[in-house]
Number of protein chains: 2
Amino acid sequence: MKPFHSYRNPALAIDLVVFGYNAKELSVLLLKRNEEPFKGGWTLPGAFIQMDERFSDTCSRILRTKLGMDKLYLEQLYSFDDPARDPRGRAISVAYYALVNPHKLETAASTMAGDVEWVDCRKMPQLGFDHKQIFKTALQRLRSKILYFPVGFELLDEQFTMTELHELYECILDTSLDRRNFRRKILDSEYILPTGMKREGLQNRAPELYVFNKKLKRNNFQLNIPLSKGQ
Amino acid sequence: MKPFHSYRNPALAIDLVVFGYNAKELSVLLLKRNEEPFKGGWTLPGAFIQMDERFSDTCSRILRTKLGMDKLYLEQLYSFDDPARDPRGRAISVAYYALVNPHKLETAASTMAGDVEWVDCRKMPQLGFDHKQIFKTALQRLRSKILYFPVGFELLDEQFTMTELHELYECILDTSLDRRNFRRKILDSEYILPTGMKREGLQNRAPELYVFNKKLKRNNFQLNIPLSKGQ
DNA sequence: TTAGTTTGCGTCAGATTAACGCAAACAAAT
DNA sequence: ATTTGTTTGCGTTAATCTGACGCAAACTAA
């Protein structure tokens with residue numbers, strides 16, 4: 001058995017859609033390019049896969065370079081193959097998306113690269129390559145996944161209030177959800193557990209803090225969150 | 001802007017999980033290899049991606065070669081990156097799965113390659129490369145997708161009875177489903193439409209034939225099929 | 001002190017689910 | 001031809017779930 005001979009293979013890249021949530025705003029990490037192609041424009045952060053790297057290694061490399069942190073929730077999204085997606089030549093992109101709580105990055109804020117920026121999901125500029133499509137696919141995936149899997153707790157602090165979780169869902173789904181029904185569904189689901197604690201510095205009836213239930217591995221759960229139509 | 005220089009890139013392959021359904025049996029198209037690696041063993045059909053091909057082109061090429069037919073339901077599954085997945089060297093696999101009604105192939109039966117065979121999903125042999133993992137991922141995807149999307153009609157004839165559809169679901173999900181509740185759910189969903197016709201050669205009260213409702217494009221529907229616990 | 005907001009808990013009519021009954025139309029066995 | 005079992009279509013029902021929204025205690029802002 002002989003190894004592959006020198007096929008000409010398409011270049012193979014990883015592109016990342018890194019979601020961050022802060023102050024009722026879902027944003028994505030964009031890269032301001034300072035070289036061709038798309039010099040001066042925005043793209044998603046990405047890198048070519050090295051021969052000895054696994055996808056997750058390449059992801060880590062990108063995240064470390066641009067965010068100074070690489071242990072994030074990471075999920076493979078889709079592989080993109082438009083022959084014209086990169087003007088430099090044939091390149092396949094394996095896209096991943098990641099979830100970060102930008103708050104947790106603040107300690108390492110100085111390590112965030114100068115050429116990246118958080119951009120509000122609702123105000124996406126034009127993106128180079130086929131990155132607009134990748135972004136749209138990622139947002140779609142996040143929106144549908146959050147309905148049946150406790151993704152998104154990755155976007156909040158370790159402890160959070162019901163209101164914070166509610167706002168996160170409204171923000172990601174870009175719709176309004178009935179507060180009381182949401183509360184009931186989430187608590188019934190046992191996705192989260194009450195800690196019995198309240199945030200420091202607040203008085204008696206401050207909102208209760210919850211944590212994600214790490215023991216829970218239910219897979220086929222359906223939140224089925226109602227839209228708030230009236231009010 | 002210069003084109004890519006000669007990076008050494010991993011080889012890039014497409015592997016296919018082709019599902020076929022016949023006589024209450026869900027099967028997958030396997031390839032009997034007659035060269036190394038895994039000579040004499042089973043693998044999924046696959047091929048390397050040519051520089052000018054899109055994924056779907058490579059899929060078509062494989063399907064035409066092995067089945068003599070290439071217009072099937074096709075969906076990208078996942079991309080696999082284990083550095084050890086191919087003993088010949090680094091190779092990435094972009095896996096797709098396809099659905100065929102083997103009945104529709106019969107006319108072109110002679111064109112089916114001699115080195116492939118339909119194998120019952122429940123009796124999968126050892127597979128070369130990481131193809132067992134790819135197969136498992138595909139089956140999982142099919143099982144979850146069938147619950148919220150009218151995939152699977154691709155596996156039946158143009159017209160089919162409620163019983164045939166019911167059996168297909170039981171077979172794919174590998175469980176028993178209450179016939180009467182299944183019927184109600186499916187009819188309420190409007191995934192299928194009654195034709196008012198009965199299969200030829202049968203008498204008055206032969207089972208009614210249905211067709212897939214092609215106008216239906218509902219996306220967030222939940223079949224929520226109950227398991228039949230008693231009886 | 002008053003007026004609004006946030007948070008937690010509750011109510012309730014209507015829809016949905018899961019389990020299963022029943023009979024007409026057929027098929028197979030005697 | 002009659003009996004017996006199976007297939008197919010259509011119902012029923014109790015328990016549960018959904019979605020809309022009321023209410024008051026604890027807080028905040030004016």
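Model, not experiment: these values are computed from the prediction.
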How close or far is atom [atom2] of [N] from atom [atom1] of [X], stated in whole angstroms?
X: Leu209(A); N: dT7(C); atom1: CG; atom2: P; answer: 11 Å
X: Asp188(B); N: dT16(C); atom1: CG; atom2: P; answer: 8 Å
X: Lys198(A); N: dA26(D); atom1: NZ; atom2: P; answer: 11 Å
X: Glu208(A); N: dA26(D); atom1: CD; atom2: P; answer: 16 Å
X: His166(B); N: dG9(D); atom1: NE2; atom2: C1'; answer: 14 Å
X: Arg183(B); N: dA18(C); atom1: CZ; atom2: P; answer: 18 Å
X: Ile192(B); N: dG9(D); atom1: CD1; atom2: P; answer: 10 Å
X: Phe182(A); N: dA20(D); atom1: CZ; atom2: P; answer: 16 Å

TODO: Kindly say if Lys185(A) contacts the phosphate of dG19(D), meaning a side-chain N or O under 4.0 Å from OP1 or OP2.
DONE: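 So the side-chain polar atoms of Lys185(A) do come within 4.0 Å of the phosphate oxygens OP1 or OP2 of dG19(D), strictly under.
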Open item on the list: Please tell me if Thr163(B) has a side-chain N or O lying less than 4.0 Å from either OP1 or OP2 of dT7(D).
Closed with: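 No, outside the criterion.
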TODO: Report yes or no: is there a donor-acceptor pair, N or O only, under 3.5 Å between the side chain of Arg184(A) and the base of dG19(D)?
DONE: yes
Any idea which of [options] is nearest the [X] side chain?
X: Arg179(B); options: dG9(D), dT7(C), dG19(D); answer: dG9(D)
X: Asn181(A); options: dA20(D), dG8(C), dC10(D); answer: dA20(D)
X: Arg180(A); options: dC9(C), dT18(D), dA19(C); answer: dC9(C)
X: Met162(B); options: dT7(C), dG9(D), dT8(D); answer: dG9(D)
X: Asp178(B); options: dC21(D), dC20(C), dC9(C); answer: dC20(C)

Task: Sugar-phosphate, base or nothing in reach of Thr161(A), heavy atoms under 4.0 Å - done: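 The residue Thr161(A) makes no contact with any strand.
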Donor-acceptor contact below 3.5 Å, side chain [X] vs main chain [Y]:
X: Asp130(A); Y: Gln133(A); result: no
X: Asp81(A); Y: Phe55(B); result: yes
X: Arg179(A); Y: Thr163(A); result: no

Open item on the list: Do the side chains of Glu154(A) and Lys71(A) get close enough for a salt bridge, i.e. N-O under 4.0 angstrom?
Closed with: no
- [ ] Can you label the angle between the Tyr191(B) ring and the Phe153(B) ring as parallel, tilted or perpendicular, going by 30° and 60°?
- [x]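 Geometry flag for Phe153(B) against Tyr191(B): perpendicular rings.
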